[in-house]
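Below, chain A is the first sequence line, B the second, and so on; all start at residue 1. What you see below is based on every heavy atom in this structure, not just the backbone, and it leaves out hydrogens, waters and symmetry mates.
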Amino acid sequence: MLDQRLIRENPSLVADSLARRGLNVDLSTLQKISSHQKDLEVERSNLQAKGNNIGKEVGQRLKNGATPSSKEIADLRLLGNEVKQKVSLIEEKEKAISKTLKEELLKLPNLPSIECPDGKDEKDNKEIRRWGIPKRGKDLQNHWEIAERLDLFETERSAKIAQSRFVTLINQGARLERALINFMLDLHSSKGYKEVLPPVLVNSASLTGSGQLPKFAEESFRCADDDLWLTPTAEVPVTSLHREEIIPMKDLPLKYVAYSPCFRREAGSYGRDTRGLIRLHQFNKVELYWFVHPEESKAAHLEITKDAEAVLQELELPYRVIELCAGDLGFSACRTFDLEVWLPGAKAFREISSCSNCEAFQARRSSIRTKQEKATQLLHTLNGSGLAVGRTMAAILENGQQSDGSVSLPQCLIPYFGDTQLSPE
RNA sequence: GGAGAGGUGGCUGAGUGGUUGAAAGCGGCUCCCUGCUAAGGAGUUACAGGAGGCAACUUCUGUCGAGGGUUCGAAUCCCUCCCUCUCCGCCA
């Protein structure tokens with residue numbers, strides 16, 4: 001959520017910034033609503049002060065011996081009633097206007113950072129750096145071809161269980177997924193991250209707090225009979241871990257690593273990535289999440305990205321780092337680095353992690369603040385995948401494929417998997 | 001799912017209609033005292049929003065789980081919802 005005050009006092013700055021996202025909004029109405037709400041608040045609180053004084057006056061006089069039925073008391077009551085009526089009239093207006101204001105504010109995305117490059121869509125994203133040498137060759141297979149040969153997952157049977165875009169991992173596939181999750185959690189924990197295994201069902205307040213609602217309701221699965229949704233990312237529950245809290249400054253930064261399955265409808269992606277592990281309704285992800293002091297978030301952003309990169313490096317998977325342009329930023333982010341892993345079978349880089357600085361955007365929606373001495377202020381939040389597990393498995397299969405049909409595993413996975421390679425059974 | 005109890009400040013815990021944002025204790029912070037430590041003394045210690053001021057700050061409003069209601073006045077009375085705990089049932 002954006003700062004209401006900023007919209008009130010400098011709407012053109014906000015509008016210009018949103019325009020960098022390709023969003024052309026007229027903020028004049030919102031500005032008007034906001035200042036009207038403020039006026040009503042002043043009027044109401046003045047009246048309430050008057051009412052409070054009448055109440056105190058009555059109490060005082062009764063204490064001094066006035067009879068409850070006397071004229072002086074009756075007059076005060078009359079006056080009190082009058083004030084009360086006026087207050088409730090204003091309150092009614094105020095409530096309506098605040099509701100509209102809140103609704104509109106929740107629909108606006110975060111402002112891109114000054115550092116975020118201009119651009120319209122993903123074609124304008126900037127490559128920052130590369131790591132590793134992409135494997136190339138004529139006979140390299142796609143990961144689903146390798147998986148089929150090694151019997152790693154069930155696709156058609158999964159549609160029977162659930163739908164298309166679900167997968168059932170089996171045999172070495174199931175074991176490798178488990179190994180990857182454990183490896184990632186251990187790696188991050190060893191660097192001081194606190195491990196979290198959050199609920200997978202989250203309520204509307206949590207989804208609103210991290211920015212998925214109200215705009216992206218159609219992207220999540222909902223439980224019909226409850227105010228609960230299947231979480232699209234651990235970012236949601238972890239944000240709400242500290243919703244409506246004030247975290248002492250000495251406790252910052254808080255660094256969490258959370259494993260969770262993630263559920264997404266992938267609406268509007270019909271026909272894309274229909275095979276394999278790239279785009280599923282359910283996938284596993286290990287997520288990094290930081291709560292930091294506002295002045296630390298820029299540095300933290302670089303660090304969280306490095307922590308995500310470390311996973312790829314340990315796994316010996318070539319990748320590149322892309323900085324998203326303003327037009328390609330996610331709703332809550334003000335600056336984002338994507339990590340794209342090299343898939344030799346697909347002969348392409350594919351997104352495997354997205355590391356974003358949300359600054360105070362989620363903190364304002366979720367009311368998460370920090371405090372030193374008397375000063376309370378919103379803190380900043382950052383998130384990054386470390387990593388998307390399904391896509392990691394795809395990358396491992398494609399990058400580790402051998403001419404004899406086996407898949408060799410990176411050194412770091414061997415203790416977790418219990419073998420040096422995946423081999424035909 | 002059934003029955004009961006309860007939700008008050010960082011914590012414990014008073015408060016059943018009148019200047020109560022809330023006693024007391026603990027904890028935290030500041031200062032004083034004291035060779036050190038321990039002990040002691042004084043003060044201070046919620047959040048949000050607004051108005052005024054460059055600012056320190058002053059002031060107003062709201063908040064005792066949430067939302068309504070009664071009343072001149074509600075932490076206190078009434079209604080609805082949410083949550084927690086105990087017992088029973090069920091269950092991984």
| field | G41(B) and C60(B), which share atom name P, separated by this distance in whole Å | value | 34 Å
| Whole Å only: how far is the CG atom of Asp39(A) from the P atom of C60(B)? | 21 Å
| Counting heavy atoms not belonging to Glu218(A), are there more than 12 under 6.0 Å from its CD? | yes
| query | Which value, in whole Å, describes the distance between the C1' atoms of nucleotides A39(B) and A23(B)? | reply | 27 Å
| message | Going by purine N1 to pyrimidine N3 plus the second Watson-Crick contact, or the G-U wobble pair, all under 3.5 Å, which nucleotide sits opposite A51(B)? | response | U58(B)
Enumerate all atom pairs, one protein N or O and one N or O from nucleotides 48-51 of chain B, separated by less than 3.5 Å.
unit_1	atom_1	unit_2	atom_2	d
G49(B)	O2'	Glu41(A)	OE1	3.0
G49(B)	O2'	Glu41(A)	OE2	2.3
G50(B)	OP1	Arg8(A)	NH2	3.3
A51(B)	OP1	Lys38(A)	NZ	3.1

| message | Under a plain distance cut-off of 3.5 Å, with no hydrogens placed, do Ser406(A) and Ser423(A) share a side-chain donor-acceptor pair? | response | no
| task | In whole angstrom, give me the gap between the P atoms of G28(B) and G10(B). | result | 16 Å
| query | Is the gap between the ring centers of Phe361(A) and Phe331(A) under 6.0 Å? | reply | yes
| remark: Across every strand shown, the nucleotide meeting Watson-Crick or G-U wobble geometry with G89(B) (both distances under 3.5 Å) is none
| remark: Hits for ring-ring contact (aromatic ring centres under 6.0 Å, His included) against Phe263(A), two or more places apart or cross-chain, chain-then-number order -> none
| query | Between Glu266(A) and Arg165(A), is the closest basic N to carboxylate O distance under 4.0 Å? | reply | no
| task | Taking atom CZ of Arg222(A) as the centre, report whether more than 12 heavy atoms of other residues, nucleotides or ligands fall under 6.0 Å from it. | result | no
Return all side-chain donor-acceptor pairs below 3.5 angstrom for residues 233-247 of chain A, not counting sequence neighbours, or 'none' if the list is empty.
unit_1	atom_1	unit_2	atom_2	d
Thr233(A)	OG1	Glu235(A)	N	3.0
Thr233(A)	OG1	Lys285(A)	NZ	2.8
Glu235(A)	OE2	Gln362(A)	NE2	2.7
Glu235(A)	OE2	Asn383(A)	ND2	3.4
Thr239(A)	OG1	Glu235(A)	O	2.5
Thr239(A)	OG1	Tyr289(A)	OH	2.8
Ser240(A)	OG	Ser206(A)	OG	3.0
Ser240(A)	OG	Arg243(A)	NE	2.8
His242(A)	ND1	Glu245(A)	OE1	2.8
His242(A)	NE2	Tyr256(A)	OH	2.7
Arg243(A)	NH2	Ser206(A)	OG	3.2

| field | Of residues 194-213 of chain A, the positions that come close to RNA chain B - non-hydrogen atoms, cut-off under 4.0 Å | value | none
| said: Rounding to an integer number of angstrom, what distance separates A56(B) and G62(B) when you compare their C1' atoms? | reply: 26 Å
| Length of the line joining Glu43(A):CD and C60(B):C1', which is rounded to integer Å | 15 Å
| query | Is there any ring pair (Phe, Tyr, Trp, His ring centres under 6.0 Å) pair reaching into residues 19-56 of chain A, and which pairs are they, with sequence neighbours excluded? | reply | none
Identify the pairs formed between an N or O of the protein and an N or O of nucleotides 64-72 of chain B at a distance under 3.5 Å, and give each distance.
unit_1	atom_1	unit_2	atom_2	d
G68(B)	OP1	Lys95(A)	NZ	2.6
C72(B)	OP2	Asn81(A)	OD1	3.2

| query | Looking only at atom C1', what distance separates G67(B) and A74(B), rounded to whole Å? | reply | 15 Å
| request: Determine the interatomic distance between C1' on G15(B) and the same-named atom on U76(B); round to the nearest Å. | output: 8 Å
| request: Could you please name the partner base of C36(B), counting Watson-Crick and G-U wobble pairs only when both distances are under 3.5 Å? | output: none
| task | Would you please name every residue forming a side chain to side chain donor-acceptor pair (under 3.5 Å) with Asn171(A), sequence neighbours left out? | result | Asp151(A)
| Does a side-chain N or O from Asn52(A) land closer than 4.0 Å to OP1 or OP2 of G62(B), or not? | yes
| Interatomic distance at P, G73(B) relative to G18(B), whole Å | 14 Å
| request: Under the salt bridge (charged side-chain N to carboxylate O under 4.0 Å, His left out) rule, collect the residues that match up with Asp75(A), sequence neighbours excluded. | output: Lys71(A)
Grab the N/O contacts between the protein and nucleotides 78-85 of chain B below 3.5 Å, and write none if there aren't any.
none

| remark: If pairing means Watson-Crick or G-U wobble with both distances under 3.5 Å, then the partner of U76(B) is none
| message | Can you list everything that forms a side chain to side chain donor-acceptor pair (under 3.5 Å) with Asp118(A)? Sequence neighbours excluded, please. | response | Arg20(A)
| request: Please state how far atom NZ in Lys250(A) lies from atom C1' in G10(B), giving the value in whole angstrom units. | output: 11 Å
| G21(B) - base-pair partner by Watson-Crick or wobble geometry, distances under 3.5 Å | none
| note | Here the distance between atom P of U59(B) and atom CG of Asn46(A), to the nearest Å, is 16 Å
| note | Between Glu177(A) and the options Asn182(A), Asn284(A), Thr392(A), the side chain to side chain donor-acceptor pair (under 3.5 Å) test singles out Asn284(A)
| task | Tell me, please, which residues at least two apart from Arg265(A) pass side chain to side chain donor-acceptor pair (under 3.5 Å). | result | none
| field | Contacts of Gln85(A) that satisfy side-chain contact (heavy atoms from CB on, under 4.5 Å) - sequence neighbours left out | value | none
| message | In this structure, how many angstroms lie between the C1' atom of G10(B) and the CD1 atom of Ile247(A), rounded? | response | 15 Å
| said: Could you identify the nucleotide paired to G7(B), looking across every strand shown and requiring Watson-Crick or G-U wobble geometry with both distances under 3.5 Å? | reply: C82(B)
| Pairwise C1' distance, U16(B) and A75(B) [rounded to whole Å] | 10 Å
| Given that both distances must come in under 3.5 Å, which nucleotide forms a Watson-Crick or G-U wobble pair with U16(B)? | none
| task | State the CD-CG distance between Glu94(A) and Leu40(A), to the nearest 0.5 angstrom. | result | 5.5 Å
